[in-house]
Amino acid sequence: MPTLAIDGKQVTVPDGTTLLQACEQAGSPVPFYCYHPGLSIAGNCRICLVEIEKMPKLQIACYLRAADGMVVHTTSDEVLKGRQEVLEFLLINHPLDCPVCDQAGECWLQDYYMEYGLYNPKFDEQKVKKPKAIPIGPHVMLDAERCILCSRCVRFCDEITKTGEFGIFNRADHSEIGIYPGKQLDNNYSGCVVDICPVGALTDSDFRFKCRVWYLGSTKSVCPGCAMGCNIEIHDNRERTARPHIAQGARVMRLKPRYNPDVNQWWMCDEGRYGYKFIDERRIINVQLRTNGTARQATWDEALDLVAQTFLRLTEKNQQDRIGVILSTHLTNEDLYVAKRVFQELGIQNLTVQGPARPGSSDNFLIKADKSPNTRGVQALGLSFESAKVLEQAARKELSVLYVFGHDLVDVYGEEAVKAAVASLELVVFQGSNINRSCEVAHVIFPSAVYAEKDGTFTNCQDRVQRLYQAFPPLGDAKPDWQILLEFAKRLGLPLNFLDAESIFKSLATLEPAFQGLSYELIGDHGALLKSGEVAQ
Ligand code: SF4
Ligand code: SF4
């Protein structure tokens with residue numbers, strides 16, 4: 001473990017630590033473009049220059065390993081002059097695009113120019129022209145003029161996806177980033193190159209020109225796209241929507257991966273990244289009642305009273321076995337726990353869970369075939385997957401009520417089977433966020449919040465319980481599932497009084513063996529594992 005002096009401070013770092021990492025550890029961070037902790041070291045941008053005593057000239061901190069006895073200066077006059085000159089070089093051919101560049105506001109050229117540049121430009125020749133606004137794949141646009149040739153995108157596609165689409169072509173000031181002839185940037189993680197491009201050379205076709213980044217609000221969350229549960233940030237336009245003409249309120253503008261060393265590191269897949277659009281598609285925003293095939297808008301009170309009365313009548317007659325409930329693997333642990341408590345306290349045995357209709361695609365990196373964010377949460381709460389049995393009971397006329405959460409049963413079992421199952425039912429309740437074919441057979445529809453609109457936790461395929469935070473309020477009349485269930489429970493006289501998702505989790509962590517000892521505090525930003533051995537595989 002070498003000990004070295006950085007700006008007069010002694011630090012001891014593990015063997016193999018780069019000088020750049022050691023500087024960060026010593027509280028003297030140095031700027032960088034080409035360095036990325038998840039990629040190999042290229043050492044080509046040259047901006048991480050530092051001065052090391054007894055070395056004849058400035059050195060790049062990303063490439064050198066910290067060594068015992070080194071005396072390093074990160075802010076000497078020579079270092080500051082060196083950085084300024086590197087910046088001037090990098091900007092010689094950079095277009096003055098900032099007003100129309102999507103990266104403005106989160107561009108490392110802008111930031112470092114303000115921090116280390118502020119020079120009087122000496123260069124007055126014509127800038128080299130390169131291709132602009134070229135779609136290089138379904139999700140990414142290239143502006144080669146803005147590229148500083150840091151090679152992060154090249155290394156990402158060589159080392160992480162191993163698809164090798166990018167190359168640097170030509171020589172000297174005509175060097176140019178591009179895609180190999182006949183290729184497209186169309187791998188499963190292509191959006192990540194936009195995240196790691198430090199400038200506006202690679203921009204996201206989906207986000208381009210949608211919102212200036214200084215209007216974005218950010219919320220920590222977890223991708224609901226598959227069982228991996230990649231950590232993400234939800235970026236919404238809340239600052240813009242303070243303006244009254246945007247009646248809908250804040251909406252998702254983009255998703256970005258959030259670093260979690262144990263789950264997704266710095267990355268996320270394209271399916272998850274662009275999968276947020278369901279949040280605003282075919283949303284259920286009102287409570288609805290359907291009688292004789294005609295649907296009408298209703299109040300929460302009216303609809304909850306109606307459902308509660310039916311449940312009370314059946315339970316009073318000891319006919320709980322005529323009620324079937326199908327929960328969903330898209331519900332949070334908190335939603336599932338409240339549902340379990342409510343329906344079990346009513347004595348309902350036909351309480352089960354439906355997962356996705358079929359497995360999806362997967363790979364050897366992040367993408368899982370299980371497209372549910374909370375299958376392990378369902379299993380940890382001891383709930384079963386027997387929805388087929390419940391539907392069969394309904395088809396045999398053994399049920400009077402079916403309460404379905406979110407899933408499209410038609411997609412899973414087909415139209416005929418669902419129609420046959422619900423034909424004799426007195427009451428079908430659908431609680432969900434998006435319209436699907438199961439809604440068409442429901443007598444009561446409760447609008448529920450999507451993951452971005454509520455607090456809670458999902459348990460990923462590694463048994464890691466991870467937190468989601470509410471980015472913005474639910475659309476229309478929608479509410480978090482647990483809240484709807486608690487209002488329902490109140491009408492049934494059940495003593496369940498939780499104030500928020502955290503108080504539900506506290507109760508869950510006390511009563512459910514697999515979750516024992518966990519708390520929101522312990523889960524923190526990177527999640528915490530379920531108690532091993534308490535969940536069936
Ligand atoms: S496109 Fe961006 S990430 Fe790729 S080499 Fe250029 S600046 Fe670096
Ligand atoms: S791998 Fe799964 S959890 Fe991760 S971003 Fe993709 S869909 Fe979302």
Side-chain angles (χ1 to χ4, degrees), residues 32-36 39 42 44-45 47 90-91 93-94 101-103 107-109 130-132 134 136-137 140-158 160-161 165-169 175-179 185 187-204 221-234 254-258 260 263-276 278 330 356 359-375 451 458-462 464 466 468 527:
F32 56 86
Y33 288 116
C34 67
Y35 168 76
H36 188 287
L39 303 174
N44 61 22
C45 79
I47 201 163
L90 289 174
L91 283 162
N93 283 308
H94 194 85
C101 177
D102 244 18
Q103 191 84 1
C107 173
W108 296 25
L109 277 174
K130 291 177 188 168
K132 292 180 83 66
I134 310 292
I136 52 172
V140 182
M141 298 283 279
L142 168 66
D143 190 313
E145 270 181 8
R146 296 179 187 157
C147 170
I148 57 167
L149 299 169
C150 73
S151 81
R152 277 179 164 199
C153 56
V154 180
R155 282 174 284 147
F156 177 81
C157 291
D158 287 351
I160 306 297
T161 60
E165 294 93 339
F166 277 105
I168 294 178
F169 304 91
S175 297
E176 190 177 306
I177 190 74
I179 295 284
L185 182 67
N187 64 59
N188 288 340
Y189 300 86
S190 70
C192 293
V193 298
V194 176
D195 303 333
I196 59 173
C197 179
V199 300
L202 299 173
T203 51
D204 190 320
S221 191
V222 172
C223 173
C226 79
M228 193 67 210
C230 292
N231 290 207
I232 57 169
E233 276 178 15
I234 298 172
R254 65 180 183 184
L255 301 182
K256 286 279 183 188
R258 179 165 57 90
N260 186 328
V263 182
N264 53 309
Q265 293 107 37
W266 301 266
W267 323 118
M268 73 185 292
C269 78
D270 289 350
E271 205 175 310
R273 184 186 299 266
Y274 303 109
Y276 69 86
F278 83 92
H330 282 262
S361 59
S362 62
D363 64 13
N364 293 329
F365 187 28
L366 298 176
I367 304 171
K368 301 291 168 212
D370 176 3
K371 299 301 171 192
S372 302
N374 205 22
T375 300
Y451 77 103
F458 286 143
T459 310
N460 81 351
C461 57
Q462 307 162 318
R464 184 171 295 277
Q466 307 193 93
L468 358 154

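As the structure is a prediction and not an experimental result, all values here were calculated from the model. Start at 1 and go down the list; that is how both ligands and their atoms are numbered. Throughout, numbering of the chain's residues begins at 1 and tracks the sequence.
With Lys130 contributing its side chain and Ser175 its backbone, the two residues share a donor-acceptor pair below 3.5 Å. Looking only at distances, no side-chain donor or acceptor of Asn93 sits under 3.5 Å from a matching main-chain atom of Leu91. In terms of modelled atom types and a separation under 3.5 Å, the side chain of Arg155 and the main chain of Ser151 share a donor-acceptor contact. Of the possible donor and acceptor atoms, one in the side chain of Asp270 sits under 3.5 Å from a partner among the backbone N and O of Gly191. Of the possible polar contacts, none joining the Tyr451 side chain to the Val222 backbone as a donor-acceptor pair under 3.5 Å is found. In terms of modelled atom types and a separation under 3.5 Å, the side chain of Asn460 and the main chain of Met228 share a donor-acceptor contact.
Ring-plane geometry between Trp267 and His36 is classed as parallel, the angle between the planes falling under 30 degrees on a 0 to 90 degree scale with a further cut at 60.
Evaluated by nearest non-hydrogen atom to atom 3 (S) of ligand 1, the leading choice among Ser175, Ala201, Cys150 is Cys150. For atom 4 (Fe) of ligand 1, the nearest non-hydrogen atom from the set Gly200, Pro198, Cys153 belongs to Cys153.
Ligand 1 lies less than 4.0 angstrom from a heavy atom belonging to Leu202.
Contact atoms of ligand 1 toward Ser151: 5 (S), 8 (Fe) (distance under 4.0 Å to a heavy atom of the residue). Atom numbering of ligand 1 starts at 1 in the shown order; those under 4.0 Å from a heavy atom of Val199 are 7 (S).
For the residue pair Asp102 / Thr203, no side-chain donor-acceptor distance below 3.5 Å is found, with atom types taken as modelled.
In this structure, atom 7 (S) of ligand 1 lies nearest to the protein heavy atom Ile148 N, 3.5 Å. What sits closest to atom 6 (Fe) of ligand 1 on the protein, heavy atoms only, is Cys147 SG, 2.3 Å. Protein heavy atom closest to atom 2 (Fe) of ligand 1, with residue, atom name and distance, is Cys197 SG, 2.4 Å.
Summarising the geometry, atom CG belonging to Asn44 is positioned 4.5 Å from atom SG belonging to Cys34; distances are rounded to the nearest 0.5 Å.
Within the protein, the N, O or S atoms lying under 2.8 Å from atom 8 (Fe) of ligand 2 are Cys223 SG.
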request  = Apply salt bridge (Lys or Arg N to Asp or Glu O under 4.0 Å) to Arg273 and Asp195, showing your working.
outcome  = CA-CA 11 Å; Arg273 184 186 299 266; Asp195 303 333; 2.7 Å; yes

